[in-house]
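Each chain gets a letter, A, B and so on, in the order the sequences are listed, and its residues count up from 1.
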Number of protein chains: 2
Amino acid sequence: MEKSILERIRAVSDRLTAKERKAAQALLSNYPMAGLETVAGFARIAGVSGPSILRFTSRIGFSSYPEFQQHLRAEMEARLKSPIAKAPQGPGLGDGDGSDLERFAEAAIANIRNTAQSLAPRELEKAAALIGEAPGTVYLIGGRFTDPLARYMAAHLKLLRPRIMHLAGQVDSWRDHLIDMGRKDVLITYDIRRYQEGVIWFAEQAASRKVPIVLFTDQWISPVTRIATHVLPAHIEAPSNFDSSIAILTLTEAVIAHCTRLIWEQAQKRIRDLEELREI
Amino acid sequence: MEKSILERIRAVSDRLTAKERKAAQALLSNYPMAGLETVAGFARIAGVSGPSILRFTSRIGFSSYPEFQQHLRAEMEARLKSPIAKAPQGPGLGDGDGSDLERFAEAAIANIRNTAQSLAPRELEKAAALIGEAPGTVYLIGGRFTDPLARYMAAHLKLLRPRIMHLAGQVDSWRDHLIDMGRKDVLITYDIRRYQEGVIWFAEQAASRKVPIVLFTDQWISPVTRIATHVLPAHIEAPSNFDSSIAILTLTEAVIAHCTRLIWEQAQKRIRDLEELREI
DNA sequence: CTCAAAATGTATCAATCATTACAGATAATA
DNA sequence: TATTATCTGTAATGATTGATACATTTTGAG
C-alpha cells in the first residue's frame, strides 16, 4: 500500500529545510484544506513563496502539485467514508508516541480532568457570580508565576465590567489600596506552591477588612484558604522542573466564561462602547 | 449568516435540470471532495460535461467555480476544527452530564490534543533550542490577552538564563529596544486572533534586523507567520465569548520544560545563586 | 571573517483551467 | 409531426495556475 501523506511528512520531517517545514506546519495546522488551495493560496497560508511549496510537495514524493492534491482528496474521501472516520480528525503525528509535547499534553489533560472532577459543585458558579456582581472594585493579585494569570483575568474582566484593579509590582504599592477596600469589593488571589509571603499578607489584611476572597491555588492548598470565601484548587503536576498552570488557567477561563454569561447584558454594551473608543 | 452549500442545494433542488441534479447528487455522495476537483474532474465524477457543472454552481448562487470551492473549503475547515460541537464524553461521574466546567474542560482538552497532534515534529524542540541557546537577549511581546502569557514565559526564562527582556506597556517604549536587536537575539511573539497592529509592526521591524522570531499563535495564522522562524500554532476555540489560551499555555510550558532540560547545567547553578540572593 | 554550498524568492513561461458562445439534442406543445 | 423553448455538449479563448531558470540571500565550514 502507498504511504499516506501524513506518513510521508513524518518520514522526511527532519530532512526538511526551514521553509519546507513551515509548509508542512501549515498543512498540518489546516489539514487538509490548506493543501487543497492553489499553490499561491497554500503559500500565503504558510507564509512562504510558491516554489517553496512545490519543493515541499516534491520532497514528500509527488512529481506535481495536482498529483499531490489528488492524493490528498483520495485520502480524505476514504477517511470521510469509513464509519469510524470521525474520531481521528487530526493528523496522527507526534513523534510516534512519546514526544516531549505528547507527554506534556497528556499530563496537562490529566490535570484538567482531575481538577474538574474534584471541584466542589457550584463553587465555580458562586465565585463567578461574586466577581461579576460585586458592587465595589475587583482587585487581583498573584505571585511570581501566577501574576500573569491575574493579569490575564484582569484583561478579560476589564471588558466585562468597570472597577477592575490589578495590583502589580512591589508589595509596598499594594498597601495603599487596602485603605479603600471593604465588603463591597472582591479580592481575587492567585497563590500556588512556594506560597509567597507578600500575597498571603495582603490577603489577610483584606480579609480582616471583610473583603470576600476568591482564591485560585494548587491542591496543596495555600494558607490563604482559611480566609478565602471561595477556593478553586487545581492540579499542577507536570513532567518538568516547573509546575504547570494549565489547570489553573482552565479554571480561570471557566470563571470568565460563566461571568460573561451572567452579566452579558451590561457587558455587551460595554464592549461595544470600548470598541468605539478604540476606533477614534 | 450565509447559507451553507448543503442548504443552498436543498433550497433549489426542485428547480434543477436533469444534469444539474446529477451534479448535485455526485457532490452529495462524494461530499465534499468532488467539489474540490477541477471542473473537468467533477464533471467526470458526475458523468456530465463541464459547463453543466458550472451551471449547477451558478444556480446555487456562486458567480464562479473558484468562489464555490472557496466556500466549500471554508465550510469543511470550520467543521473539522470545531471541538465544541463534540459531546462531552468525559468521565461523567457525579454531575450527570455537562456542568459548565465539564464542558469547558472537555473543550480545553480537545484543543490541547488537536494542537499537540497537528504540530510538526521537532518544531517545538527547535524553538526551545533557539530560545535556550541564543547568545544575545531574548525579547518577549504579546497582545492584549497574550501579554500575560509572554510574562509567564519571561518569569520562567529569567530563572534559566540571563538577558530576558519582556516588553510591556506602550508601543513607544518598545521602539527604543529595536536599535540593540540583531541576529544573536530572539524575539518571542504571542499573537492571536484580532492580531494587534503594534505587535505585528514590532515583529516586522525585528525581522528586518535579522532577529529570529518564535511565534505563538492560533490556527488562523497571524500575519507574523511569514516572517517567523518557528511557528507554534494552537487551537483556541471555547464554549465562551472569548477564545481560550489553554493550548497556547500548554505549548508555552512545553517549550519551557524542554528548554530547562536543554540548558539544565547552567540553569541549575543560576537558580541556586538566585535563591541565595533572595535569602539575604 | 571569508568563501563555498545550500536555500529561497522573483520573474517568466508553458500548461491547464474555467469560462463562454454556439450548435446540436431533447422535450414540450399544439 | 412540426415548432418552439429548453437543455446540453463541443470547441475556442482568455485567465489563472503550476513549473522553472536564475539571482539573491542565508547558512555553515574552515
For residues 198-213 of chain B, dump all side-chain donor-acceptor pairs below 3.5 Å to protein atoms at least two apart in sequence or in another chain.
from: B:Ser208; atom 1: OG; to: B:Gln205; atom 2: O; distance (Å): 2.7

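In this view, B:Thr250 satisfies the side chain to side chain donor-acceptor pair (under 3.5 Å) rule with no residue, not counting sequence neighbours. With sequence neighbours excluded, no residue satisfies salt bridge (charged side-chain N to carboxylate O under 4.0 Å, His left out) with B:Asp176. Residues satisfying the salt bridge (charged side-chain N to carboxylate O under 4.0 Å, His left out) test with B:Glu20, not counting sequence neighbours, are B:Arg59. Considering only residues two or more places apart in sequence or on other chains, B:Asp185 meets the side chain to side chain donor-acceptor pair (under 3.5 Å) condition with none of them. With sequence neighbours left out, A:Phe56 forms a ring-ring contact (aromatic ring centres under 6.0 Å, His included) with no residue at all. Scored by the side chain to side chain donor-acceptor pair (under 3.5 Å) test, B:Gln25 finds no partners at all (sequence neighbours excluded). A search for side chain to side chain donor-acceptor pair (under 3.5 Å) contacts involving B:His166 returns B:Asp147, not counting sequence neighbours.
Nucleotides of DNA chain C with any atom under 4.0 Å from a heavy atom of chain B span, from 5' to 3', C:dC17 to C:dT20.
Within the structure, no pair that satisfies the side chain to side chain donor-acceptor pair (under 3.5 Å) test touches residues 131-144 of chain B, not counting sequence neighbours.
The distance between atom CD1 of A:Ile53 and atom P of D:dT17, rounded to the nearest whole Å, is 15 Å. The distance from atom CG of A:Leu54 to atom P of D:dT20 is 8 Å, rounded to the nearest whole Å.
Residue-to-nucleotide proximity on DNA chain D shows that, of A:Ser63 and B:Arg59, the 5′-proximal contact is made by B:Arg59.
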Reading nucleotides 21-30 of chain D 5' to 3', which nucleotides get B (base under 4.0 Å from a protein heavy atom), which S (sugar-phosphate only), which -? -----S----
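For the contact set between residues 15-22 of chain A and DNA chain C, defined by any heavy atom under 4.0 Å, the members are A:Thr17, A:Ala18, A:Lys19.
Partner A:Asp100 forms a salt bridge (Lys or Arg N to Asp or Glu O under 4.0 Å) with one of B:Arg261, B:Lys126, B:Arg122 and no other, that one being B:Arg261.
Heavy atoms of A:Ser49 sit under 4.0 angstrom from at least one base atom.
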